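Quantities reported herein were computed from a predicted structural model and do not represent experimental measurements. Throughout, a chain's letter reflects where its sequence line sits, starting with A, and its residues are numbered from 1.
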Amino acid sequence: MTIQFLGKTLKNPMVLASGVLGNSNDILKRVHESGCGLVTMKSIGPEPRDGHKNPTVIDLGHGMINAVGLPSPGYLNMENEWEDLEKREFPLIASIYGGSVKEYRMVAEFVSSKKPDFIEINISCPNSEKHGMIFGINPQSSHDVVSAVKKVINVPLIVKLTPQAPDIGDIARACEDAGADAICAINTVGPGMVIDIESKMPVLAFKKGGLSGPMIKPVAVRCVFDIYKAVKIPIIGLGGITTGEDAIEMIMAGASLVGMGSAVRYRGIDVFQTVADEIDTWLSDHHYTLEDIIGAAHKEDAS
Amino acid sequence: MTIQFLGKTLKNPMVLASGVLGNSNDILKRVHESGCGLVTMKSIGPEPRDGHKNPTVIDLGHGMINAVGLPSPGYLNMENEWEDLEKREFPLIASIYGGSVKEYRMVAEFVSSKKPDFIEINISCPNSEKHGMIFGINPQSSHDVVSAVKKVINVPLIVKLTPQAPDIGDIARACEDAGADAICAINTVGPGMVIDIESKMPVLAFKKGGLSGPMIKPVAVRCVFDIYKAVKIPIIGLGGITTGEDAIEMIMAGASLVGMGSAVRYRGIDVFQTVADEIDTWLSDHHYTLEDIIGAAHKEDAS
Amino acid sequence: MTTITDQKHIMLRVEKKQVDGPAFATLFFNYALPFKPGQFIMVWIPGIDEKPYTISYHSKNEFAITIEAKGIFSQKAITLEKGDLIGIRGPFGNGFDIKPEDAVAVVAGGCGMAPLATLVEQLPENTCFIHGARSREFILFPDRFDMDRLFCTDDGSFGRKGFVTELLENEIASGRHFDRVYTCGPEIMMYHVFNLCEKHHIPCQVSLERYMRCGFGVCGACVCGKQVVCKDGPVFDSSALRGIKDFNTKALLKSGKEVDLAQYFSWRCK
Amino acid sequence: MTTITDQKHIMLRVEKKQVDGPAFATLFFNYALPFKPGQFIMVWIPGIDEKPYTISYHSKNEFAITIEAKGIFSQKAITLEKGDLIGIRGPFGNGFDIKPEDAVAVVAGGCGMAPLATLVEQLPENTCFIHGARSREFILFPDRFDMDRLFCTDDGSFGRKGFVTELLENEIASGRHFDRVYTCGPEIMMYHVFNLCEKHHIPCQVSLERYMRCGFGVCGACVCGKQVVCKDGPVFDSSALRGIKDFNTKALLKSGKEVDLAQYFSWRCK
Ligand SMILES: Cc1cc2nc3c(=O)[nH]c(=O)nc-3n(C[C@H](O)[C@H](O)[C@H](O)COP(=O)(O)OP(=O)(O)OC[C@H]3O[C@@H](n4cnc5c(N)ncnc54)[C@H](O)[C@@H]3O)c2cc1C
Ligand SMILES: Cc1cc2nc3c(=O)[nH]c(=O)nc-3n(C[C@H](O)[C@H](O)[C@H](O)COP(=O)(O)OP(=O)(O)OC[C@H]3O[C@@H](n4cnc5c(N)ncnc54)[C@H](O)[C@@H]3O)c2cc1C
Ligand SMILES: Cc1cc2nc3c(=O)[nH]c(=O)nc-3n(C[C@H](O)[C@H](O)[C@H](O)COP(=O)(O)O)c2cc1C
Ligand SMILES: Cc1cc2nc3c(=O)[nH]c(=O)nc-3n(C[C@H](O)[C@H](O)[C@H](O)COP(=O)(O)O)c2cc1C
Ligand code: FES
Ligand code: FES
């Protein structure tokens with residue numbers, strides 16, 4: 001299957017989630033070659049940032065919790081990276097974050113000049129004290145940041161949302177109205193906290209962290225379902241997807257493409273090809289095309 | 001261990017969560033006798049309500065999803081129940097909900113006359129289209145409903161919060177300011193959705209439902225941690241607790257009492273005694289009293 | 001922590017349909033269901049509802065449920081055909097307590113035959129097997145078992161005219177010894193069977209029915225006295241039954257309101 | 001889906017502490033850790049930080065980590081005493097590829113002895129075992145193994161004065177045949193060992209080190225070229241090493257910024 005997405009051709013509907021392995025051209029290329037249709041860079045910020053101290057990522061069995069804290073070399077300190085990436089032969093999303101509309105715009109304008117296929121603005125990361133979150137839970141703020149960024153970039157704009165929004169459909173609509181070309185949902189759930197009872201301390205150095213992996217799938221599916229109801233632009237659905245059946249569920253909720261992050265832990269880097277194959281098999285067993293089932297769960301009498 | 005809580009003596013710090021088994025005097029009595037310090041009735045509403053059609057409760061392996069939809073006989077249609085309960089010999093929380101400040105006050109005033117030991121107002125249930133939720137995500141609304149209810153009741157008031165609040169500490173503070181005597185947190189997480197890909201339909205008849213059980217524990221622990229920072233009144237911590245170690249974690253986050261609901265599925269009705277024993281054993285192995293560890297995770301250098 | 005084996009929600013397609021007279025239909029599924037007679041599953045018809053059903057046939061790779069057409073759900077269920085999709089969760093509940101060496105009686109009323117069918121298949125041939133119904137067409141599985149059966153109907157259209165309790169009383173009066181009586185049918189019938197057993201000091205096992213939501217002992221919809229029918233039951237023995245003051249008297253409506261059994265069943269009609 | 005055995009976060013208390021000269025300390029724990037030489041665990045000192053450490057002793061019910069005091073974390077780690085609490089996650093990574101029948105050489109540099117110690121214990125006695133360090137006090141476990149060892153130090157304070165590569169070159173020149181060379185130590189040393197092996201067409205296994213966060217192949221902190229050190233490694237063989245252009249040249253800082261190895265190590269100093 002070949003997929004058209006905002007004017008680009010992708011080899012399959014699988015997307016590498018931002019923040020997972022995506023911090024060098026070499027590894028992004030490897031993820032693409034191992035079978036991922038569209039890869040996302042780790043979110044790039046306005047300034048160099050080390051992120052939080054360890055522990056930053058802990059597995060919980062049915063998912064994981066992380067407070068990596070948006071480490072980034074800063075958009076101005078990545079010359080080698082940008083050079084490598086401009087020579088790439090695979091479709092790429094550059095993810096960015098900022099602490100103000102001005103920062104988002106500044107980073108976006110610069111990154112756009114480096115010609116990624118898409119820019120994704122992360123208005124949803126719960127792990128940083130100053131960055132992101134606020135824009136993702138208030139429709140007016142979402143609208144402001146999206147329209148500001150949209151004006152200064154030459155590539156399609158994807159907006160990544162947080163499930164913490166009181167009504168994620170409202171946020172998606174505000175983004176669409178402001179010119180977003182697609183929605184990506186969801187970022188991590190929570191935040192959560194894990195306390196070690198022997199030391200009486202939160203295990204993550206940042207104390208709180210975002211949840212990802214299998215346990216967040218029901219929240220992610222609900223969010224994509226709500227967004228699909230609210231907007232016409234395509235949705236990249238992610239959150240807890242690890243198998244072809246998970247992906248089909250997400251597509252039926254309304255996703256056109258399906259992202260995975262934590263799944264790399266559970267099924268390895270090849271998980272994108274594996275899941276793409278599982279989707280294909282399911283579709284052909286059921287005599288459907290991918291388009292047939294996008295948003296299929298919205299039909300009242302679907303069975 | 002015997003516990004003092006808002007002037008009442010409890011045989012242990014375990015609480016039966018509202019909505020779990022708590023719909024008759026007989027069964028509440030059984031839960032108490034099998035080892036639960038404090039039992040909560042299923043939330044009582046202003047009018048008779050059947051709740052949603054089935055499926056309403058589905059197990060997901062690492063937790064469950066439910067959209068029971070606040071079924072209630074309505075507070076005026078429970079004469080036998082109230083009669084039985086007035087004769088009870090165990091401490092009881094009556095949980096109530098409403099669709100407006102007026103309804104909350106009306107139900108609370110009536111229920112207070114039936115002499116439960118505590119009244120809990122559920123300002124957090126995400127499963128009903130008209131009821132509840134709104135009061136739990138906006139501090140001003142929380143304040144309004146809590147002060148209105150507080151004026152018309154003669155028993156201590158517990159407010160049950162939802163993790164969907166953008167800042168649950170703010171909500172807790174608003175409730176404390178309005179006269180709440182304790183906070184209960186959390187209600188279910190999400191909402192989430194599970195779509196069956198063969199029928200292409202959401203499995204729950206109401207489509208969306210709240211998540212509970214082990215997978216929500218990190219969110220619950222974080223909420224209780226945030227609330228403990230924000231208020232001085234005691235906290236009933238619940239969400240995903242199934243073992244003594246889970247309970248200790250919740251207590252270290254700041255809970256004085258620990259509630260359980262879904263755990264009944266995983267470890268049976270005796271789970272309250274089992275967990276109380278596990279807490280006792282852990283405390284004596286570590287030479288602590290329960291008081292020693294309440295909020296212990298807040299000390300900077302705890303280890 | 002105990003492993004929960006019954007948590008998965010599984011979609012199955014009807015493999016075969018068997019029409020059991022005008023009132024009943026049996027749906028077969030190719031699926032290896034771990035199961036003990038008396039347990040039940042929650043059956044979901046997408047877009048309609050989800051209800052508890054007992055297993056009426058069971059082998060290593062196949063099982064069936066038998067439905068009596070009553071309300072909206074069961075009327076829809078009997079129209080399902082080969083290839084149609086349902087969801088199941090389970091099995092749930094405790095099941096019957098089976099001691100192969102015991103001399104037992106089985107008393108089935110109407111659709112109460114369904115949960116007893118797989119039990120009977122595990123019992124010795126000299127089991128006393130009593131089966132009653134309103135009339136001929138409500139006798140489920142009239143030809144299914146090798147075992148002899150004593151039939152009765154309210155209108156005398158099949159077997160003897162009268163009630164199952166009379167047949168059981170006769171057997172006891174004739175001097176036949178029973179270590180245990182199993183029964184399933186309308187609650188009033190089971191109540192009479194239980195009382196008869198109490199009179200004769202025979203341990204009894206009864207399969208109760210209440211409105212269910214979760215099926216696994218959490219939501220409280222199905223409580224009957226202090227018993228949680230879906231988890232402690234649906235099968236209760238005499239010692240438990242003696243403590244259930246709501247047995248044959250009260251049940252909870254969907255709203256949780258406690259009502260007389262008559263009102264409960266008439267609500268279920270709508 | 002593959003079962004993940006290394007997900008649990010476990011708290012352990014130090015069972016025994018062994019001081020290995022001025023530079024090293026070894027902490028023992030009573031815990032049955034599933035483990036293969038070359039794998040590592042993430043070690044959490046509550047309130048301080050979490051860092052990867054290899055296993056330096058391993059038996060059925062006990063394991064140990066050996067720490068060289070360098071920065072904040074490791075200096076704290078060597079002050080831990082019996083009864084002190086640490087958290088571990090793991091083991092992670094692939095481990096060395098061991099073929100018992102092969103003729104092999106083991107080349108350890110400084111603290112690189114730690115991951116090789118449990119490997120050496122699984123190798124035959126005729127293994128060529130070369131061990132170098134800056135000076136005498138950085139020779140870890142000088143008396144631990146039955147096996148003969150060729151020592152060297154930069155300053156000649158113990159064994160021969162010179163580099164491990166010279167010792168290895170001598171052995172090869174003397175006509176000794178190796179099916180494989182295992183090495184762990186400073187990256188520049190390993191790079192020279194690898195090049196020597198390439199020259200002589202000897203397969204080589206090298207254990208790399210990069211800044212780590214998750215330890216299980218998700219966060220990307222540890223990538224080295226297209227390799228994920230925590231999951232594809234930390235042990236890489238010659239065919240992989242040939243493809244890693246960042247081997248001995250580049251590494252990512254905590255921020256993800258790619259820098260020269262020298263800059264990486266000087267950052268790690270702070
Ligand atoms: C553990 C358990 C196992 C069950 N197993 C089976 C089974 O194997 N086969 C089967 O057909 N049903 C079984 N039932 C009942 C089944 O779940 C439904 O209640 C029944 O099919 C009617 O559903 P409905 O929605 O079509 O009708 P409703 O709309 O719910 O009710 C329609 C009519 O059915 C009557 N009714 C429903 N249940 C009973 C009852 N138990 N006793 C007397 N009258 C009743 C009502 O009074 C009314 O007349 C079982 C119930 C439980 C709790
Ligand atoms: C897979 C793996 C296994 C490891 N096993 C061990 C082990 O068994 N024992 C052990 O002591 N350490 C081991 N390390 C290194 C360990 O994780 C820490 O980096 C080290 O203890 C220094 O931590 P620190 O915070 O004290 O020092 P930092 O503040 O991080 O750095 C202090 C100094 O250490 C130097 N340094 C750190 N690591 C290296 C290195 N690998 N090579 C050269 N110089 C270095 C820096 O240049 C600097 O001089 C391992 C690392 C990895 C990735
Ligand atoms: C370790 C880690 C780091 C992440 N970093 C980012 C990030 O930098 N930017 C971002 O938008 N999302 C980030 N995320 C969120 C993921 O992109 C994704 O939205 C989330 O993990 C849910 O998907 P999953 O369940 O498939 O992992 C990160 C997730 C993890 C686990
Ligand atoms: C089936 C079910 C019904 C519930 N009904 C109510 C309710 O009526 N009122 C309420 O305040 N909470 C209700 N809850 C939420 C629980 O009280 C509790 O807050 C939540 O399940 C988290 O705890 P747990 O993980 O221990 O189950 C319900 C939960 C479940 C699973
Ligand atoms: S059906 Fe939920 S407790 Fe029985
Ligand atoms: S440490 Fe996270 S990918 Fe290696």
To the nearest 0.5 angstrom, please state how far the [atom1] atom of [X] sits from the [atom2] atom of [Y].
| X | Y | atom1 | atom2 | result |
| --- | --- | --- | --- | --- |
| B/Met193 | A/Glu249 | CE | CD | 9.5 Å |
| B/Asp167 | A/Gln164 | CG | CD | 12.0 Å |
| A/Met215 | B/His62 | CE | NE2 | 8.0 Å |

>> Can you confirm whether more than 12 heavy atoms, excluding those of A/Glu245, are under 6.0 Å from its CD atom?
In response: no
> Can you tell me if CD on A/Glu278 sees more than 12 non-hydrogen neighbours from other groups inside 6.0 Å?
Replying inline: yes
>> Less than 4.5 Å apart, side chain to side chain, heavy atoms only: is that true for B/His286 and A/Glu198?
In response: yes
> Is the shortest heavy-atom distance from the side chain of B/Asp226 to the side chain of A/Lys208 under 4.5 Å?
Replying inline: yes
> Under 3.5 Å, side chain of A/Arg222 to main-chain N/O of B/Pro191, donor-acceptor pair present?
Replying inline: yes
> With sequence neighbours excluded, what pairs up with A/Lys207 under the salt bridge (Lys or Arg N to Asp or Glu O under 4.0 Å) test?
Replying inline: B/Glu300
> Where on A/Leu211 is there a heavy atom nearer than 4.5 Å to chain B: the side chain, the backbone, both, or neither?
Replying inline: side chain
>> Which residue is it: B/Ile251, B/Val224, B/Ile248, B/Val221? I am looking for the one with a side chain to side chain contact (heavy atoms under 4.5 Å, CB included) to A/Ile195.
In response: B/Val221
Where do [X] and [Y] come nearest, in terms of heavy atoms and distance?
| X | Y | value |
| --- | --- | --- |
| A/Ile197 | B/Met252 | O-CE, 3.1 Å |
| B/Ala296 | A/Lys200 | CB-CD, 3.6 Å |
| B/Gly190 | A/Val219 | CA-CG2, 4.2 Å |
| B/Pro202 | A/Ala297 | CD-O, 4.0 Å |

